[in-house]
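One-based numbering, in listed order, for ligands and for the atoms of each.
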Amino acid sequence: MKKVVKFGGSSLASAEQFEKAGNIVRADKDRRYVVPSAPGKRHSKDTKVTDMLYECYALAEAESSFAEEFAAIKARYQEIINGLHLELSLEKEFQAIEENFKNKAGSDYAASRGEYLNGIIMAEYLGYEFIDAATVIRFEESGEFDAETTNKILSKKLEETAYAVIPGFYGAKEDGTVKTFSRGGSDVTGSIVARAAHVDVYENWTDVSGFLVADPRIIYKPERIEMITYKELRELSYMGASVLHEDAIFPVRKEGIPINIRNTNLPEDEGTWIVGSTCQKSKYTITGIAGKKGFCSVILEKEMMNSEIGFGRKVLQAFEDNDISFEHMPSGIDTMTILVHQDEFVHKEQSVVSAINRMAKPDHIEIEADLALIAVVGRSMKSSRGTAGRIFSALAHANVNVKMIDQGSSELNIIIGVKNEDFEVAIKAIYDIFVLARI
Ligand code: ASP
């Protein structure tokens, strides 16, 4: 058995947290590849090292003094080194980083140092080999991640290395220029390493015991999801459930490697398993609920719309010409609704409306703002009847007016549009009917 273990920022925020991570790795010989994030927050008012680095570099780029900010970053690492009683000095590293900041090496380079330095400490602490991600994770000239080249280089390197630490979040272009993934990108690195090393499990250690059926800010102590498929997870993450980076499932999905989300502070918890497919039914008809506020709907009416060839294309062209992507597009015989992000749409509203009028000539256009979308996701929905009915009667009982419904053809999720102000009530009503009433 081989495992990749990725630790998030809060799992490595202090020496104490590092010790917990170290104990986890040492408890299982199969935990051969470790992917660390940069030190995160030690308490709610603290600042993540990645944010400190961005801030510090912005000063360097503006040619202001950054000595104080730089010293604060150094202190974060020194505190960890001292707390772990390591004979390690990062002085040379810091000198090089300071020099590179002065030479304006770029904000990606700056941010990546958070993981880089934490990786050096982790490797020293565990006695594992350190592999600089810049040498094995490749980005194209355009800045796109180059999955196949990376997989080749990294597989080869890992074949030769039995135990290694590979810092998360960054890689480099062929010429050595450091490039990062988007925020939270160490999850992606973990997945890339898992694929290249052909491991059996990708363990992702964080500060919660897995995915929850609904947002704990809305539902008091929601149930944990024991098992979820990649596809379900993708639907939920897209709609705002954030534990794992949205792109982290792609590399492991190619190899069918399961991801196990675990809690560094409660290592005995089973966490959530994210798998390719499973014959295990979810505990409830639904696997999870997620949602987002801040959408607008553009409602079009035109007599005989259904038989007019090219109507839909012309309407979507109006959005495309204005550089706006749409989220959903439920339609009726003579009506069509296009849902868009309000913050993107609001500045271009009139330009889109006039383009629609010009190209598609609808009879009527109406815009409604301040809508929320809720995704009710579940692989078991396909085989159980009456799911939609239950959702709508629960919403009706809670006095929530449903503005839009869209069921994907995969029958994996039902999207419901409600007013922003009904968002929390609607989620609670859906949670209660499926989880509390256990139907
Ligand atoms: N340290 C980076 C961030 O804060 C990446 C990560 O933690 O995954 O976004």
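Judged by distance alone, the side chain of Arg379 and the main-chain N or O of Glu232 form no donor-acceptor pair under 3.5 Å. Between the Thr189 side chain and the Gly168 main chain, no donor and acceptor come within less than 3.5 Å of each other. Of the possible polar contacts, none joining the Lys179 side chain to the Ala172 backbone as a donor-acceptor pair under 3.5 Å is found. A donor-acceptor pair under 3.5 Å is absent between the side-chain atoms of Glu226 and the main chain of Thr272, judged by distance alone. Proximity of a side-chain donor or acceptor of His245 to a complementary backbone N or O of Asp247 within less than 3.5 Å is detected.
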May I have every N or O pair linking ligand 1 to the protein at under 3.5 Å, one per line with atom names and distance?
| from | atom 1 | to | atom 2 | distance (Å) |
| --- | --- | --- | --- | --- |
| ligand 1 | 1 (N) | Thr50 | OG1 | 2.7 |
| ligand 1 | 1 (N) | Glu115 | OE2 | 2.7 |
| ligand 1 | 4 (O) | Lys48 | NZ | 3.2 |
| ligand 1 | 4 (O) | Thr50 | OG1 | 3.4 |
| ligand 1 | 4 (O) | Arg183 | NH2 | 2.9 |
| ligand 1 | 7 (O) | Ser37 | OG | 3.2 |
| ligand 1 | 8 (O) | Gly184 | O | 3.3 |
| ligand 1 | 8 (O) | Gly185 | N | 3.4 |
| ligand 1 | 8 (O) | Ser186 | N | 3.0 |
| ligand 1 | 8 (O) | Ser186 | OG | 3.1 |
| ligand 1 | 9 (O) | Arg183 | NE | 2.7 |
| ligand 1 | 9 (O) | Gly184 | N | 2.8 |

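Both the sub-6.0 Å distance and the 45° axial angle are not jointly satisfied by Arg253 relative to the ring of Phe250.
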